[in-house]
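Have a look at the structure below, then the notes.
Letters go in sequence order (proteins before strands), and every chain restarts at 1. These numbers come from the heavy atoms of this one structure, side chains and all, not from hydrogens, waters or symmetry mates. Keep in mind the model is a prediction, meaning the values are calculated, not measured.
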There are 2 protein chains.
Amino acid sequence: MAQSDTVDRILDAAEELFAERGFSETSLRMITSKAKVNLAAVNYHFGSKNALIHAVFARFLTPFSATLESAFDQLEARCDGKPPTLNQTLWALTESAVRMPQRNEKGISIFMRLLGLAYTQSQGHLRKFLEQEYSEPFSRFMGLLKEATPQLSAVDRYWRIQFMLGATAFTMSSSDALQDILRNKLGVETTVQEIAARLVPFLAAGMQAQDTMLTPPAGARLPVA
Amino acid sequence: MAQSDTVDRILDAAEELFAERGFSETSLRMITSKAKVNLAAVNYHFGSKNALIHAVFARFLTPFSATLESAFDQLEARCDGKPPTLNQTLWALTESAVRMPQRNEKGISIFMRLLGLAYTQSQGHLRKFLEQEYSEPFSRFMGLLKEATPQLSAVDRYWRIQFMLGATAFTMSSSDALQDILRNKLGVETTVQEIAARLVPFLAAGMQAQDTMLTPPAGARLPVA
DNA sequence: ATGTGCTTCAAACGTATGTTTCAAACAGAC
DNA sequence: GTCTGTTTGAAACATACGTTTGAAGCACAT
């Protein structure tokens, strides 16, 4: 948690504040005062606020994408020849995320929340940065999904992947708030691992749903007003 | 599309800009210049930026929640006694959203995107506003879901509902961009109705997934490094 | 025409932001 | 110790924001 180097102190503070409040809502002054560092240090070490955002993502995304690649390597090796199943692919992704070495106990949820924010908040510069830095593991994941669901048409698969992304990004991006609600309403504590364990079967079942229902079932239509 | 009244022009512009860029990233000056209205008009007619955000939500959420209530009424009447099925409940919601009278062709995706933002961007004041204004149809929907999935534990159901919300809000909120990609890559046209038709079976299948897998399947674990 | 209540307008206010500046402090090599 | 390149510090910069102000414009009843 506590690095004494200025750069790391800034990254730690920024990561946490970005995850809590989003990018635009977090000012450099909040970051530098939380990091106990001079305001000018951000622009000195990173160049700009946007570059700091990129650095925050790079710090955890680069090791994560390496972990993910090797997880996919091992998975494919174990399946020699046969394409991995949908469940195996989703689990490889989940386990890679969960097993990433964390700087502190909030590590995973910060990680997830930042990924959700990256997708959710428009932030054009961020999306471009992520696309050109991490497109490889992403398209590899897409390829595995395709092999694991040969029964789906390209269009069906496309949309169902979007649904999966949405459920994941959305849930993770508000997971702290959701956990609070759950704690208050049901008196239950939840870890990110448990959320992931609930999410994977949901996604797998949705992905493999039998019918694409192109018209509503009889009797479900509202009468025309 | 084009209302000549100042209040409506502001609401139209704000709605579109908020959906595109989020709340903090949209300034009053952007809104008023898009609406071709004086800057002070927002504070004159609405009182503050936050109150404008509330008004944007109220304008589409109030009629929607009325539509939804009556859809649920009809559904329960048709089922007399028996609880509606999960598919029926989801379809009632979907049809209500799709059939809402829209101000323009982007109506539904703006609507969905705003709902997603309301959940995603922290914006404490918004969450409070929505909770106290629209808790009724929300909890009614939750009640129907509960009756339709008696096999789920409260905690499982809670999380699966979050997953459904996520898949829906996320997909609909970026459906314009997604449709563009689909058109270019696969040469297919897609309507919001068709997306909904693909979404509902996905959600229903995920919601009814058999197992909540609290440990990964054997052989899916990564060897310890 | 005159007065009245509501609406628009240009301008300014105070505050917060990201960024820059330049002198001071520091560390390591000679 | 002195020089050199790097890092920190306090202060200022320019800009953008939400909000407020007070005069001007307008519609309409009297």
A/T62: side-chain hydrogen bond (donor to acceptor under 3.5 Å, both in side chains) partners, not counting sequence neighbours: A/Y134

Nearest heavy-atom approach of B/A71 to B/S96 is CB-OG, 3.3 Å

Between A/R9 (CZ) and D/dT7 (P), how many Å, whole number? 15 Å

For B/S135, which residues count as a side-chain hydrogen bond (donor to acceptor under 3.5 Å, both in side chains) partner, sequence neighbours excluded? none

Side chain to side chain donor-acceptor pair (under 3.5 Å) contacts touching residues 38-52 of chain A (sequence neighbours left out): A/N50-A/H125

side-chain contact (heavy atoms from CB on, under 4.5 Å) involving B/L93 - partner list, sequence neighbours excluded: B/F64, B/L68, B/F141

Using the test salt bridge (Lys or Arg N to Asp or Glu O under 4.0 Å), find all partners of A/K146 that sit at least two apart in sequence or belong to another chain. none

Counting only side-chain N and O atoms of A/T6, is one of them less than 4.0 Å from OP1 or OP2 of D/dT8? yes

Once you measure the plane-to-plane angle for B/F202 and A/F202, does it fall in the parallel (<30°), tilted (30-60°) or perpendicular (>60°) bin? perpendicular

Could you tell me the separation between the CD1 atom of A/I10 and the C1' atom of D/dT8, rounded to a whole number of Å? 11 Å

For residues 128-140 of chain A, the salt bridge (Lys or Arg N to Asp or Glu O under 4.0 Å) pairs (sequence neighbours left out) are A/E69-A/R140, A/D73-A/R140, A/E76-A/R140

The side-chain contact (heavy atoms from CB on, under 4.5 Å) partners of B/T32 (sequence neighbours excluded) come to B/V37, B/L39, B/V42

Any heavy-atom pair between the side chains of B/I110 and B/E15 that's under 4.5 Å? yes

To the nearest Å, how far apart are B/I31 CD1 and D/dT19 C1'? 14 Å

Five pairs at each end of the helix from C/dA1-D/dT30 to C/dC30-D/dG1: take the axis at both ends and give me the angle between them to 10°. 10°

Going by the rule side-chain hydrogen bond (donor to acceptor under 3.5 Å, both in side chains), which residues pair with B/T26 if we only count those two or more places apart in sequence or in a different chain? none

Rounded to whole Å, how long is the line connecting atom NZ of A/K36 with atom P of D/dT7? 23 Å

If you take any heavy atom closer than 4.0 Å to DNA chain D, which residues from residues 38-52 of chain A end up in contact? A/N38, A/A40, A/Y44, A/H45

Reckon A/T26 touches a base, only the sugar-phosphate, or nothing at all at heavy-atom distances under 4.0 Å? sugar-phosphate

Protein-nucleic acid N or O pairs under 3.5 Å, nucleotides 24-26 of chain D:
none

What range of DNA chain C does chain A touch, first nucleotide to last, counting atoms under 4.0 Å from its heavy atoms? C/dT17 to C/dT21

Over all heavy atoms of both residues, which pair between B/F72 and B/L144 is shortest? Give the atoms and the distance, please. CD2-CD1, 3.5 Å

Under a plain distance cut-off of 3.5 Å, with no hydrogens placed, do B/Q162 and A/T171 share a side-chain donor-acceptor pair? no

